[in-house]
Amino acid sequence: MALVAVTELLEKAERGKYAIGAFNANNMEIVQAIVKAAELENAPVIMQASQGAIKYAGLEYITGIVRIAAENVDVPVALHLDHGTDFEQIVKCIRSGFTSVMYDGSQLPLEENIAMTNKVLEIARPIGVSVEAELGKIGGTEDDVHVDEKDALYTNPEEARHFVEKTGVESIAIAIGTAHGQYKGEPQLDFDRLVAIKKLVNIPIVLHGSSGVPDEAITKAISLGVCKINIDTNIREAFVGRMRQEMEKNPNEIDPRKLLGPAREATTEIIREKIRLFGSSGMA
Ligand code: G3H
Ligand code: 13P
Ligand code: ZN
């Protein structure tokens, strides 16, 4: 089917107490793995491309490959810009066919983040494109967060209420202890903060940096209002890990399909596992 927007998918997930997997795609094989997993699980799915992915593959290639992949399956597939920070690029993505965009103004002072998010909403909303915002700083796993820094970096519930009131944004990514990349130890999520935020903002909550978060913590986060879960690192591990295995097994192999095919299968498997964990299996 044609690409769908994210708002409706998230509203349905929120009512059903499950989460939609948002999986980062960087090449054709990963796009195919994501739609295949969604089809086998009969699940709605969000395919997302970062600015880095667009730089690597090219905007028209990303949109083209994802559109064709979606048209070949009967489950809802959305195409979302992940961590968009540049207004011009956001406009280009929308024009090229993205059905959802994230405006990441988390590095800006609160009022500037609100103003920029509103600027994006102004162009996206009239044409049915969904908008995700970010409040708080979700860094990378290399940035150790000390207890005394938590209040400065994690999402402040009162600020989240103010932000949502002033923007009317459709979903919000929050910082509660997750980080992008491979964790050194086990991430500790601040569930009290999630509960406090959810009490004050009545919109779907997005969890970034979800690779490596223990299954029980993911399930708990969903029960407390998270309904979009971003996964990239686990995909990279599965894809490159399997490719590496194949290369070690057959060091003289020169046919890329013999390496990329198994990598695509391993990626499909990890995405199926995530879809089941998130409770979105059978929800297409
Ligand atoms: O949130 C970040 C995603 O993992 C995308 O990473 O910018 O390296 O594509 P990237
Ligand atoms: P991970 O790479 O930790 O899975 O995070 C993905 C993400 O948040 C993309 O926006
Ligand atoms: Zn992210």
Side-chain angles (χ1 to χ4, degrees), residues 6 10 19-31 33-34 37 45-59 61-62 65-66 78-86 89-90 93 98 100-107 113 130-145 153-155 169 171-189 194 204-215 217-218 221-222 226-241 266-267 270-271 273-275 277-278:
V6 163
L10 295 189
I20 313 276
F23 302 104
N24 285 71
N26 287 291
N27 63 12
M28 182 191 75
E29 284 79 8
I30 295 175
V31 168
I34 297 168
V45 78
I46 299 167
M47 189 97 68
Q48 54 188 17
S50 67
Q51 295 177 148
I54 292 169
K55 195 169 169 204
Y56 169 75
L59 181 59
Y61 279 92
I62 291 271
I65 293 168
V66 174
L79 175 56
H80 174 78
L81 170 66
D82 189 30
H83 292 284
T85 53
D86 178 51
Q89 171 143 61
I90 289 173
C93 285
F98 280 54
S100 176
V101 292
M102 174 183 192
Y103 174 67
D104 179 354
S106 59
Q107 300 304 319
N113 188 358
S130 314
V131 179
E132 173 184 330
E134 177 171 327
L135 197 59
K137 294 185 176 65
I138 303 166
T141 46
E142 67 281 3
D143 314 320
D144 274 330
V145 176
L153 297 174
Y154 287 8
T155 309
V169 75
S171 64
I172 189 162
I174 58 167
I176 55 164
T178 58
H180 296 111
Q182 287 178 315
Y183 291 97
K184 283 173 241 145
E186 193 173 293
Q188 301 297 325
L189 272 57
L194 171 56
I205 305 281
V206 182
L207 195 67
H208 283 241
S210 308
S211 299
V213 175
D215 288 359
I218 291 285
I222 295 171
V226 164
C227 40
K228 172 175 178 276
I229 301 188
N230 286 13
I231 298 283
D232 187 4
T233 298
N234 283 155
I235 292 177
R236 296 176 183 204
E237 289 165 346
F239 192 88
V240 178
T267 307
I270 185 71
I271 294 169
E273 280 170 31
K274 296 293 173 188
I275 287 174
L277 173 65
F278 302 163

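Note that ligands are numbered from 1 as they come in the structure, with each ligand's atoms numbered from 1 the same way.
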Quiz item: Can you list the atoms of ligand 2 that are under 4.0 Å from a heavy atom of Gly181?
Solution: 2 (O), 3 (O)
Exercise. Mind checking whether Arg236 contacts ligand 2 via backbone (N, CA, C, O), side chain (CB onward), both or neither, at a 4.0 Å heavy-atom cut-off?
Key: neither
Quiz item: Among Val206, Ile218, Leu277, which residue meets the side chain to side chain contact (heavy atoms under 4.5 Å, CB included) test with Ile229?
Solution: Ile218
Practice problem: Give the minimum heavy-atom separation between Ser100 and His80, together with the two atoms involved. | Solution: OG-ND1, 2.7 Å
Quiz item: Hey, is Ala179 touching ligand 2 through its side chain, its backbone, both or neither, going by heavy atoms under 4.0 Å?
Solution: backbone
Quiz item: Which of the atoms in ligand 2, numbered in the order shown and given with their element, are less than 4.0 Å from a heavy-atom of Asn24?
Solution: 9 (C)
Quiz item: What is the minimum heavy-atom distance between Phe278 and Ile20, and which atoms define it?
Solution: CD1-C, 4.4 Å
Quiz item: If you stand at the Zn ion (ligand 3) and look out to ND1 of His208 and NE2 of His83, what angle do those two lines make, to 10°?
Solution: 90°
Quiz item: Quick one: which ligand 1 atoms are inside 4.0 Å of a heavy atom on His180?
Solution: 1 (O), 2 (C)
Self-check item: Residues that Gln51 engages under side-chain hydrogen bond (donor to acceptor under 3.5 Å, both in side chains), provided they are two or more places apart
Solution: Thr85
Exercise. Please report which non-hydrogen protein atom sits nearest to atom 8 (O) of ligand 2, along with the residue it belongs to and the distance in Å to one decimal place.
Key: Gly209 N, 2.9 Å
Quiz prompt | Glu132 versus His208, side-chain donor and acceptor atoms under 3.5 Å | solution = yes
Practice problem: Start with the C-alpha gap between Asn24 and Asn230, add the side-chain angles, then the distance that decides, and say whether side-chain hydrogen bond (donor to acceptor under 3.5 Å, both in side chains) holds. | Solution: CA-CA 8 Å; Asn24 285 71; Asn230 286 13; 5.4 Å; no
Practice problem: Of all the heavy-atom pairs spanning Ser171 and Leu10, show the shortest one and how long it is. | Solution: CB-CD1, 3.9 Å
Quiz item: If you measure only the distance, is there a donor-acceptor pair under 3.5 Å linking the side chains of Gln89 and Lys55?
Solution: no
Quiz item: What protein heavy atom is closest to atom 9 (O) of ligand 1, reported as residue, atom name and distance in Å?
Solution: Ser50 OG, 2.6 Å
Quiz item: Do Val66 and Tyr61 have side-chain heavy atoms sitting under 4.5 Å apart?
Solution: no
Quiz item: Does Asn234 reach ligand 2 with a nitrogen or oxygen that is under 3.5 Å from one of the ligand's nitrogen or oxygen atoms?
Solution: no
Practice problem: Considering only non-hydrogen protein atoms, determine which one is nearest to atom 9 (C) of ligand 2 and report residue, atom name and distance to 0.1 Å. | Solution: Asp82 OD2, 3.1 Å
Practice problem: Could you tell me which atoms of ligand 2, counted from 1 in the order shown, lie closer than 4.0 angstrom to a heavy atom of His180? | Solution: 3 (O), 5 (O), 6 (C), 7 (C), 8 (O), 10 (O)
Exercise. Taking all heavy atoms of Gly185 and all of Tyr183, pick out the closest pair and write down the distance.
Key: O-CB, 3.2 Å
Exercise. For atom 4 (O) of ligand 2, grab the closest protein heavy atom and report residue, atom and distance to one decimal in Å.
Key: Ser211 OG, 2.5 Å
Quiz prompt | Considering all heavy atoms, the nearest Gly21-Val45 contact | solution = O-CG2, 3.8 Å
Quiz item: By number and element, which atoms of ligand 2 are closer than 4.0 Å to a non-hydrogen atom of His208?
Solution: 8 (O), 10 (O)
Quiz item: Hey, is Asn24 touching ligand 1 through its side chain, its backbone, both or neither, going by heavy atoms under 4.0 Å?
Solution: side chain
Self-check item: Expected output: side-chain Ser210 to main-chain Ile231 donor-acceptor under 3.5 Å
Solution: no
Quiz item: Hey, does Ala173 sit under 4.0 Å from ligand 2 if you only count heavy atoms?
Solution: no
Practice problem: Have a look at ligand 1 and work out which part of Asp82, if any, has a heavy atom under 4.0 Å from it: side chain, backbone, both or neither. | Solution: side chain
Quiz item: Identify the closest protein heavy atom to atom 5 (C) of ligand 1: which residue and atom is it, and at what distance?
Solution: Asp232 OD2, 3.4 Å
Quiz item: Heavy atom of Ile231 under 4.0 Å from ligand 2?
Solution: yes
Exercise. Have a look at His83, Arg236, His208, Met102 and point out the one with the heavy atom closest to atom 6 (O) of ligand 1.
Key: Arg236
Quiz item: Counting from 1, what ligand 2 atoms have a heavy atom of His83 closer than 4.0 Å?
Solution: 10 (O)
Exercise. Could you tell me the residue and atom name of the protein heavy atom closest to atom 2 (O) of ligand 2, and the distance to it rounded to 0.1 Å?
Key: Thr233 OG1, 2.6 Å
Quiz item: Taking all atoms of both residues into account, what is the closest heavy-atom pair of Gly181 and Thr233, and its distance?
Solution: CA-OG1, 3.3 Å
